[in-house]
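These notes are about the structure you will find just below.
Worth saying up front: this structure is predicted, and the values here are computed from it rather than measured. Reminder, nothing fancy here: chain letters follow the sequence lines and each chain counts from 1.
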Amino acid sequence: MKRTHHCNELRPEHAGHTVTLAGWVHSRRDLGGVLFIDIRDREGRIQTVFDPSDLSPEICNSAASLHSESVIEVVGRVRQRPQGTENPKIATGQVEVLVQGFTVLNHADVLPFPVDDPEVANKVNEELRLKHRYLDLRRPEMARNLRLRSKVATATRVFLDEQGFLEVETPTLFKSTPEGAREFLVPSRVHPGQFYALPQSPQQFKQILMVAGVERYFQLARCYRDEDLRADRQPEFTQVDIEMSFIEREDLYSLIEGLLKRVWKTALGIDLPTPFKRISFEEALNRYGIDKPDSRFGMELVDLTESFRASSFKVFSGAIQNGGVVKAINAKGLACATQGQIETMTEYAKSFGAKGLAFIKVEGGEWKSPIVKFFSDAEKAALKSRLAIEEGDLILFAADQWLNACEILGKIRLYCADVLKAQGKLTLDPQRFDFMWVIEFPLLSFDKEMNRWYSSHHPFTAPVAEDIPLLKSDPKKVRGQHYDVVVNGVELGGGSIRIHQPAVQKTIFEEILQIPAEETQLRFGYMLEAFRYGAPPHGGIALGFDRMIAILCGTTSIRDVIAFPKTAKGACLMTDSPSAVSAKQLRDLHIEVKAARKD
RNA sequence: GGGGGUGUAGCUCAAUUGGUUAGAGCGCUGCCCUGUCACGGCAGAGGUUACGGGUUCGAGCCCCGCCACUCCCGCCA
């Protein structure tokens, strides 16, 4: 059984050749006498012809009774199709294979859902697709995603190899480090009552590799986080994990720009313009209300604090007196927003602790709003010019502390864009990719409930050098050497220059983050020790590989680019995991289960 | 943990808003058909309306519970 050609290979120049093809029955057209079977493999498909005048009735009957997706092998002669019967829709449409011999390699039962019709298959319930993932993956769209993922992985490896990087594997049986995401634990049989944890990322190992003198490390690393899932979050996912020694931020920006340029060229044939634009965390919040801006459309936030500082509208002037700001966005053409849509936006505002959402609908030449009667003429004039107000606009306000006001409008801005998209008033070019670096994040954030500082990124992020003196005096002013790469409102990756001096690291752990010395020693002692023996300055980044592939494939769900993804509750519907284990397995692991068995 | 959506034939969806025997297209089965490619024609089978309760003369539809999938918030250093 040896194929001579794949199913997308034959062209008119092959006419006269005798070929052997193998693949799946894509579709069957039985005209009573002559019978056509389109045979498909991963490369494409081709029409085969069963002519009863030169085949036995047994062969014809056997072929006629095949279900879709049966696996067959066909031997036949390639010939040009008769004039007028060419099929321009498929690449092999000029030719067909006149069957001389045929073998059923495997019969297929009737399928649970169609795989040959893209229009229907696209709408099939995802639950069913996941249960029969092997069928789902046969669909051309899914096969294309898998192939593109593989090509991008290879391009990534080739590019980083060219740049002198070593691919180093790090353990997936790691130590529990309770900061950050919840971990998956793995009980140790040999050490009763002790556990490994699956890594949230290879962060600590990659830094140790820098101490080990690797200088340039990368890995397509599997990472695990036991948090609730989303369309763009799976419990296990893949990062392009990178770390380099003797670099500054600029070195990393150009490396990643080069990598993404290569990837986009390989996958889509697109030449990304570089360098990417850069925007500070503060500017991102000020203009877009979010630290991962989608800059493909406007509707930017406008600061109106000075215009309303002395307003008689107390909701605004009061917020300003409390140290807050007044900001607004102009949702162009959305004055037609329904009561329900305004309600949804108000709920967003309330979820950030706002009391309500002030708005103005500009309709029929007037400003329809419960609040506009409180505005002076000067205030109205300021609004009109600052927000470029025109007929049909919807103006939305937030008056709150700076971060809150920005985030409320950031959320609403994205919601308005979705509404405008649904109404056909906003169209985004699917070939457009707005990359940017978001930089100058605050190193620390304050947790009001716990009354202490925590790392915005992670505790190994180096402060911007000139801000180090502020660490103890004014922590919130300290900027971290952290950077995120963002495209079209998606956080594609993030990283930082790391702290490489053990003294600074110890200060961060113990004095700023208030982790007791003994605990620091237990959790990170090996790192602090490693850093005592000559740690080079270093930094790195991790790119969400699944997210990147999803963007390249034009899908919003990373499940579409992972061969065997899990559901929102972390289940694999094909293998039915997670599942119960035997009493003996539990005994070996020294584990007693208290939860009631589910089934 | 919270909120929204979905669940009706193998698949995709209807069912005049509580009213007779739950329909259609595709798929499937049988028959016919020698140039189709969404082949065509005729006939047929196929339903615990996710599941469990309740209200009602009567429930796919209303109420309560529950399960699964999905989207979002929280969470994701």
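- Closest to the Glu127(A) side chain, of the nucleotides rA68(B), rU36(B), rC11(B), is rA68(B).
- Using a 4.0 Å heavy-atom cutoff across all strands shown, Arg129(A) reaches no nucleic acid atom at all.
- The closest donor-acceptor contact from the side chain of Arg225(A) to the backbone of Gln200(A) lies under 3.5 Å.
- For the residue pair Ser201(A)/Gln239(A), the side-chain donor-acceptor check at 3.5 Å is not satisfied.
- rC11(B) has no stacking from Phe113(A) on its base ring, since the centres under 5.5 angstrom apart and planes within 30 degrees of parallel are not both found.
- Regarding contacts with the backbone of rC69(B), every side-chain N or O of Lys131(A) stays at 4.0 angstrom or more from both OP1 and OP2.
- Using a distance-only test at 3.5 Å, with no hydrogens or angles considered, a donor-acceptor pair links the side chain of Asn404(A) to the main chain of Phe352(A).
- Leu35(A) comes within 4.0 angstrom of no nucleic acid atom, judged by non-hydrogen atoms across all strands.
- Using a 4.0 Å cut-off between a side-chain N of Lys or Arg and a carboxylate O of Asp or Glu, Arg233(A) and Asp228(A) do not qualify as a salt bridge.
- Within 4.0 Å (heavy atoms only), Thr85(A) reaches at least one base atom of the nucleic acid.
- Contacts between residues 483-508 of chain A and RNA chain B, defined by a heavy-atom separation below 4.0 Å, involve no residue at all.
- Using a 4.0 Å heavy-atom criterion, one finds that Pro112(A) contacts the sugar-phosphate atoms exclusively.
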Where do N or O atoms of nucleotides 24-32 of chain B meet protein N or O atoms at under 3.5 Å, pair by pair?
{"residue": "rU29(B)", "atom": "OP1", "partner": "His67(A)", "partner atom": "NE2", "Å": "2.9"}

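- Listed by residue number, Arg225(A), Glu227(A), Asp228(A), Arg230(A), Ala231(A), Arg233(A) are the residues of residues 220-239 of chain A with a heavy-atom contact under 4.0 Å to RNA chain B.
- Residue Glu126(A) has its side chain nearest to rU70(B) when only rC76(B), rU70(B), rG35(B) are considered.
- When distances are taken from the side chain of Lys569(A) to each of rC11(B), rC69(B), rU36(B), the shortest belongs to rC69(B).
- In the displayed structure, Arg452(A) atom CZ is contacted under 6.0 Å by at most 12 heavy atoms of other residues, nucleotides or ligands.
- Across all strands shown, Lys566(A) has no heavy atoms under 4.0 Å from either base or sugar-phosphate atoms.
- Glu236(A) and Arg222(A) are joined by a salt bridge, as a carboxylate oxygen and a charged side-chain nitrogen come within less than 4.0 angstrom of each other.
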